[in-house]
Protein chains: 2
Amino acid sequence: MRVVVARCTVDYDGRLTAHLPEAIRLLMVKADGCVAVHADGGAYKPLNWMNAPNTLTVVESDEDGVEAVWTVRSPKGEVLAITVHEVLAELDHEMGVDPGLQKDGVEAHLQELLAADPTTIADGLRLVRREFPTDIGPVDLLCRDADGEAVAVEVKRRGEIDGVEQLTRYLDFLNRDPMLRPVRGIFVAQEIRPQARVLAEDRDIGWVEVDYDELRGIESDALRLF
Amino acid sequence: MRVVVARCTVDYDGRLTAHLPEAIRLLMVKADGCVAVHADGGAYKPLNWMNAPNTLTVVESDEDGVEAVWTVRSPKGEVLAITVHEVLAELDHEMGVDPGLQKDGVEAHLQELLAADPTTIADGLRLVRREFPTDIGPVDLLCRDADGEAVAVEVKRRGEIDGVEQLTRYLDFLNRDPMLRPVRGIFVAQEIRPQARVLAEDRDIGWVEVDYDELRGIESDALRLF
DNA sequence: AGTTCCATGTCGCGG
DNA sequence: CCGCGACGTGGAACT
């Protein structure tokens, strides 16, 4: 990875057109060729960037006040042009391949835990299918309750209004299927926002908050029995 | 901005839990305090990060194989812990405030072009008003068709389900106005996703894909006449 | 390759 | 501060 602090101006022309006036910024070039222009603030997102695959060409300049021009081109015709007026600091280092990130607690894992034991959502619930397909997308969990009636479950890490909208659409579609009708809905998340609760209740959709650590604990306990 | 290349392990505990095994990475600390851990690849997104506002504390260590431990804490209780085993390179530089980015988007221009000639959406359409105000937000284009009936048009660059939901809400509202009723809807975008098409059709909402370059061409032609 | 949905989304605007 | 929509969204998973 190569890092350069430089006084520069930047122009991007691709999915949109953007221009950065002259200022001091940090230029980052990674091993895969991707280039990022960072200001000294504004979270982790760069001001401008160009992801791989692309080609970076650096042209030294004789022009007054221009040390070099970096041109990054993507196969799709996007162009990022960095005019370097002055290099102020520089750093270059081999880093090798990163072993990668281990994540824990995303929606997929939560859905997995709930599918393994739907009774943590509501007593008597049995799983029919995960990712049950409909014309407008897959329902996270399709279950049947103790009375044998269908229950559609939408799982989110954080429960907000659009999650309720999503479940509402699924229910509209599912309730047209004579084999399933009537289908009720339950909205499940680690934390459900007040407005999402109100909207769910208004539409006769149940909502349940689940504790991720607790679910993981239950799973561990279940495994320990074998 | 401060940049450090170091052999390190990283743990994040907050919105999720994540762990990075020991490897060489680039640590970036911006003036606003935000911290990012970059690998030498994977586009511009860091492996781990913590945005401002937060507090960074660095504790030197006597422990074997540990130079220092950086702890970043956010007010919301998120914690990013970086165990630095060895610093390999370092760079520190004042950069000043960035003058900021000038963007020139396509979104607004598309609506402008369609307003200039609504017949590109449907034959006989005449513009009543752009950004027609309702209590739940402005409708992009309000038109009348050849029969004099009201038509609400929602314009998006990319047509997805949310756009259909938005137009549906507007139609619900507009159809309560006796001066407008009945109002039908047309969903317009450069590209409309299959699921959005299904939902639109299901709700008797029309959908039209338009070609931005073609529209621009039509406009150029019109201008050339003068 | 095309399509869909998730994301520690981030970011900006308006109430 | 919250809610909502846009984003050069990026990225993964699945068809």
Side-chain angles (χ1 to χ4, degrees), chain A residues 11-18 34 36-37 41-52 54 72 74 76-80 101 103-111 131 133-140 154-158 160-163 165-166 190 193-196 198-199, chain B residues 10-18 34-37 41-52 54 72 74-80 100-101 103-108 110-111 135-138 140 154-163 165-167 169 189 191-198:
Chain A
D11 288 277
Y12 167 74
D13 193 352
R15 281 179 274 190
L16 56 68
T17 303
C34 75
V37 181
Y44 70 73
K45 196 175 183 180
L47 295 163
N48 276 109
W49 68 93
M50 189 78 92
N51 285 347
N54 63 41
V72 192
S74 85
K76 277 175 284 181
E78 298 168 289
V79 182
L80 179 68
L101 182 65
K103 284 185 186 182
D104 195 8
V106 291
E107 184 191 310
H109 197 189
L110 188 58
Q111 193 194 111
E131 303 287 343
T134 79
D135 286 347
I136 54 164
V139 178
D140 285 339
E154 176 65 32
V155 180
K156 289 275 180 238
R157 198 170 43 75
R158 280 173 49 191
E160 297 180 21
I161 270 181
D162 43 345
E165 292 284 10
Q166 199 178 335
Q190 289 178 72
R193 299 251 169 213
Q195 291 205 345
V198 171
L199 186 64
Chain B
V10 182
D11 288 277
Y12 167 75
D13 192 351
R15 283 179 275 188
L16 55 64
T17 303
C34 74
V35 179
V37 180
Y44 68 73
K45 195 176 181 178
L47 294 164
N48 277 108
W49 68 92
M50 187 80 91
N51 284 347
N54 63 41
V72 192
S74 86
K76 278 174 285 183
E78 297 166 290
V79 182
L80 179 68
L101 182 65
K103 277 189 188 179
D104 184 14
V106 166
E107 176 73 21
L110 185 59
Q111 194 195 111
D135 286 348
I136 52 168
D140 285 340
E154 177 66 31
V155 181
K156 289 268 182 263
R157 195 171 54 77
R158 278 172 41 187
E160 300 184 19
I161 267 180
D162 287 354
E165 292 288 9
Q166 198 178 334
L167 181 51
R169 288 195 294 268
E191 185 220 336
I192 301 183
R193 301 268 181 208
Q195 292 197 349
R197 296 181 191 187
V198 171

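Here is the naming used below: chain letters follow the sequence lines, and residue numbers restart at 1 for every chain.
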(message) Counting only side-chain nitrogens and oxygens, does A:Lys103 get under 4.0 Å of the OP1 or OP2 atom of C:dT8?
(response) yes

(request) State whether B:Trp49 places a side-chain N or O below 4.0 Å from either non-bridging phosphate oxygen (OP1 or OP2) of C:dT10. (result) yes

Separation of [X] atom [atom1] from [N] atom [atom2], in whole Å?
X        : N     : atom1 : atom2 : answer
A:Arg15  : D:dT9 : CZ    : C1'   : 8 Å
A:Asp162 : D:dC2 : CG    : P     : 16 Å
A:Lys76  : D:dG8 : NZ    : C1'   : 9 Å
A:Asp13  : D:dG8 : CG    : P     : 14 Å
B:Lys45  : D:dT9 : NZ    : C1'   : 10 Å
A:Leu101 : C:dA7 : CG    : C1'   : 13 Å
B:Asp11  : C:dT8 : CG    : C1'   : 15 Å
A:Glu165 : D:dC4 : CD    : C1'   : 12 Å

(message) Let's test your reading of the model: under 3.5 Å, does the base of D:dG8 pair with the side chain of A:Asn48 as donor and acceptor?
(response) yes

(request) Could you tell me which residues satisfy salt bridge (Lys or Arg N to Asp or Glu O under 4.0 Å) with A:Glu131, sequence neighbours excluded, listed by chain and number? (result) none

Is there a side-chain contact between [X] and [Y], using heavy atoms and a 4.5 Å cut-off?
X        : Y        : answer
A:His109 : A:Asp104 : yes
A:Asn48  : A:Leu80  : yes
A:Arg158 : A:Gln190 : no

Distances for protein N/O vs nucleotides 2-6 of chain C N/O pairs under 3.5 angstrom?
unit_1: C:dT4; atom_1: O3'; unit_2: B:Gln195; atom_2: NE2; d: 3.3
unit_1: C:dC5; atom_1: OP1; unit_2: A:Ile136; atom_2: O; d: 3.4
unit_1: C:dC5; atom_1: OP1; unit_2: B:Gln195; atom_2: OE1; d: 2.8
unit_1: C:dC5; atom_1: OP1; unit_2: B:Gln195; atom_2: NE2; d: 3.2
unit_1: C:dC5; atom_1: OP2; unit_2: B:Gln195; atom_2: OE1; d: 2.9
unit_1: C:dC6; atom_1: OP1; unit_2: A:Lys156; atom_2: NZ; d: 3.2

(message) Under 4.0 Å, heavy atoms only, any strand: does A:Glu78 hit a base, just the sugar-phosphate, or nothing?
(response) base

(request) Report the residue (A:Met50 or B:Gly42) whose heavy-atom-nearest nucleotide on DNA chain D is the more 5′ of the two. (result)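 Nearest-nucleotide comparison on DNA chain D picks A:Met50.
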
(message) Between B:Leu80 and A:Ala43, which residue's closest nucleotide on DNA chain C lies nearer the 5′ terminus?
(response)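 Checking each residue's closest nucleotide, the 5'-ward one belongs to B:Leu80.
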
(request) Indicate the atoms forming the closest heavy-atom contact of A:Val72 with A:Met50, along with that distance. (result) O-CE, 3.3 Å

(request) Considering only atom C1', compute the distance from D:dC14 to C:dT8 and round it to an integer number of Å. (result)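 One C1' to the other, the span is 24 Å.
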
(message) Please report the distance separating the P of C:dC11 from the corresponding atom of D:dG11, rounded so that it comes out in whole Å.
(response) 15 Å

(message) Starting the side chain at C-beta, find the nucleotide from C:dT8, D:dG8, C:dC11 nearest to B:Tyr12.
(response) C:dT8

(request) Taking side-chain contact (heavy atoms from CB on, under 4.5 Å) as the test, write out the residues that go with A:Asn51, two or more places apart. (result) A:Cys34, A:Trp49, B:Ala43, B:Tyr44

(request) Working to the nearest 0.5 Å, report the span between CG of A:Asp140 and CG of A:Leu110. (result) 9.5 Å

